[in-house]
Amino acid sequence: MSHAPVAPKEERTALGLGLMALGVTFMTCIDTSAKWLLLAGVPVVQIVFMRYAVALVLALGWFLPREGVPVLRSRRPLLQLLRSFALLGSTACNFAALQFLPITMTTTIMFAGPIAVTLLSIPVLGETVGIRRVAAVCTGFFGVMVVVQPWGAEFDPAVLLSVGAMLSASVYYIVTRMIAGSESISTSQVWSTGLATLAFAPVALAQWTWPESLGTGLVLLLVGVFGGTAHTLATMAHRYADASILAPVVYVQIVQAAIAGILVFGTWPTQWTLLGGAIIAGSSWYIIQRERAARRGL
């Protein structure tokens, strides 16, 4: 009896890294497209609605033929509700912030997520956080302050929207941990896109504005395609490589956001955004490594 050859671990890891890098690129495309649409006069609620409605159609088209109606059933519906609305809140706040802030700044603030997740994991998940991770959290918070500069004359209150997006995303990741193992990836994806679509449909349809050009309409559709593709690629990547190996790839988005800001919007990242981003990235990476060591009992 012959067996199909199994790819070496190194090849599977390389595949995971490649998929994650491509997923991160699509995440950058989401924010870039959303900011472009906002500048074109498309309402925020309409962009958020299309982000999830198109992704829902793609998810149903992919999972229903393979898994059938059971993909719609959740064993933990209340947590799925909380997870879905946390993701929706993150997207809505992030898109709203993009109306006023450079894409590099919003992306950098979002990278403070591991810091907030670490703090939330103490009361919610009952995790023990050592002095080293506490120090990393404090360092990361300092990095956020460097980016935001609440003491400066140029402080923009829209930064609070970006911070809200980061905190909502952190709740999303915490709840994802809580339901891991009890819910399939397909069910979670259908619920998160489906509930977001239903929640925003009444408001979005009531304020619906037809795109003024074919190009604007195409970009509006692509926001949902980018969103669904990005999450699918990230999920696939975690099947081939450990999260701790994939984590550094996410920080490529800071570089991509800077390039998109320059090429598409003509805005250059400030020295404070670059400095604060480096501090946040370093502290977040250290937190991830400490969590990896803790799981291995080191």
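Model, not experiment: these values are computed from the prediction.
Expressed to the nearest 0.5 Å, how far CG of L222 lies from OG1 of T229 amounts to 9.5 Å. Note that the OG1 atom of T197 and the CZ atom of R51 stand 9.0 Å from one another [nearest 0.5 Å]. The CE atom of M166 sits 8.0 Å away from the CD1 atom of I280 when rounded to the nearest 0.5 Å. Rounded to the nearest 0.5 Å, atoms OG (S162) and CE (M110) are 7.0 Å apart. A distance of 6.5 Å separates CG of L101 from CD1 of I109, quoted to the nearest 0.5 Å. Note that CE of M20 and CE of M236 are 13.0 Å apart. Values are rounded to the nearest 0.5 Å.
Between the T28 side chain and the V24 main chain, a donor and an acceptor come within less than 3.5 Å of each other. A distance-only check finds no donor-acceptor pair linking the side chain of S33 to the backbone of I30 [under 3.5 Å]. At least one donor-acceptor pair closer than 3.5 Å links the side chain of T106 to the backbone N or O of I103. No donor-acceptor distance shorter than 3.5 angstrom exists from the side chain of E183 to the backbone of S74, with no hydrogens or angles considered. Of the possible donor and acceptor atoms, one in the side chain of T139 sits under 3.5 Å from a partner among the backbone N and O of A135. A donor-acceptor pair under 3.5 Å is formed between the side chain of S182 and the backbone N or O of I179. Formation of a donor-acceptor pair under 3.5 Å by the S192 side chain with backbone atoms of Q189 is found in this model. Between the side chain of T273 and the backbone N or O of M105 there is no donor-acceptor pair closer than 3.5 Å. A donor-acceptor pair under 3.5 Å is formed between the side chain of T187 and the backbone N or O of V71. In this structure, R66 contributes its side chain and W62 its backbone to a donor-acceptor pair below 3.5 Å.
Both I47 and L39 are members of a single hydrophobic cluster when ILVMFWY side chains are connected at heavy-atom separations under 4.5 Å. Taking hydrophobic clusters as Ile, Leu, Val, Met, Phe, Trp and Tyr residues chained together by side-chain heavy-atom distances below 4.5 Å, V57 does not share a cluster with L221. I185 is not connected to I174 by any chain of hydrophobic side-chain contacts under 4.5 Å among Ile, Leu, Val, Met, Phe, Trp and Tyr, and they are in different clusters. Criterion: ILVMFWY side-chain heavy atoms under 4.5 Å apart, direct or through other members. Under it, L98 and L87 are part of a common hydrophobic cluster. Under the 4.5 Å side-chain heavy-atom criterion for Ile, Leu, Val, Met, Phe, Trp and Tyr, L195 and L79 are members of the same hydrophobic cluster.
For F49, there are no ring pair (Phe, Tyr, Trp, His ring centres under 6.0 Å) partners two or more places apart in sequence or in a different chain. When the side-chain hydrogen bond (donor to acceptor under 3.5 Å, both in side chains) test is applied to Y172, the partners found at least two apart in sequence or on another chain are R83.
The side-chain heavy atoms of L275 and W272, taken from C-beta on, include a pair separated by under 4.5 Å. Between T25 and V252, the closest side-chain pair of non-hydrogen atoms is not below 4.5 Å. Q256 has its side chain out of reach of T32: every pair of non-hydrogen atoms, C-beta onward, lies at least 4.5 Å apart.
Residues in residues 78-111 take part in these ring pair (Phe, Tyr, Trp, His ring centres under 6.0 Å) pairs, two or more places apart or across chains: F111-Y251.
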Compile the donor-acceptor pairs under 3.5 Å between side chains in residues 205-214 and protein atoms, sequence neighbours left out, one pair per line.
residue : atom : partner : partner atom : Å
T209    : OG1  : Q207    : O            : 3.4
S213    : OG   : T216    : N            : 3.2
S213    : OG   : T216    : OG1          : 2.9

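The two residues A97 and A158 make their nearest non-hydrogen contact at CB-O, 4.0 Å. Smallest separation of non-hydrogen atoms from L58 and G224: CD1-O, 4.4 Å. Across S170 and G113, no two heavy atoms sit closer than the pair OG-O, 3.5 Å. When every heavy atom of V147 is checked against every heavy atom of T108, the shortest pair comes out as CG2-CG2, 3.8 Å. Shown here for S90 and S168, the closest heavy-atom pair between the two residues is N-CB, 3.5 Å. T193 and A55 get closest at one heavy-atom pair: CG2-CB, 3.9 Å.
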Quiz item: Under the side-chain contact (heavy atoms from CB on, under 4.5 Å) criterion, do T104 and T270 qualify, and how do the steps go?
Solution: CA-CA 9 Å; T104 312; T270 66; over 6 Å; no
Practice problem: Test M50 against V223 for side-chain contact (heavy atoms from CB on, under 4.5 Å), laying out the working first. | Solution: CA-CA 7 Å; M50 290 297 292; V223 169; 5.7 Å; no
Practice problem: Please step through side-chain contact (heavy atoms from CB on, under 4.5 Å) for the pair V146 and F142, ending with a clear verdict. | Solution: CA-CA 6 Å; V146 171; F142 173 72; 3.8 Å; yes
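Cluster partners of L161: none. The rule joins Ile, Leu, Val, Met, Phe, Trp and Tyr whenever side-chain heavy atoms lie under 4.5 Å apart, and it links nothing here. Through direct or indirect side-chain contacts shorter than 4.5 Å among Ile, Leu, Val, Met, Phe, Trp and Tyr, I262 is connected to W268.
When the shell of 6.0 Å around CZ of F141 is examined, it contains 12 or fewer heavy atoms from other residues, nucleotides or ligands.
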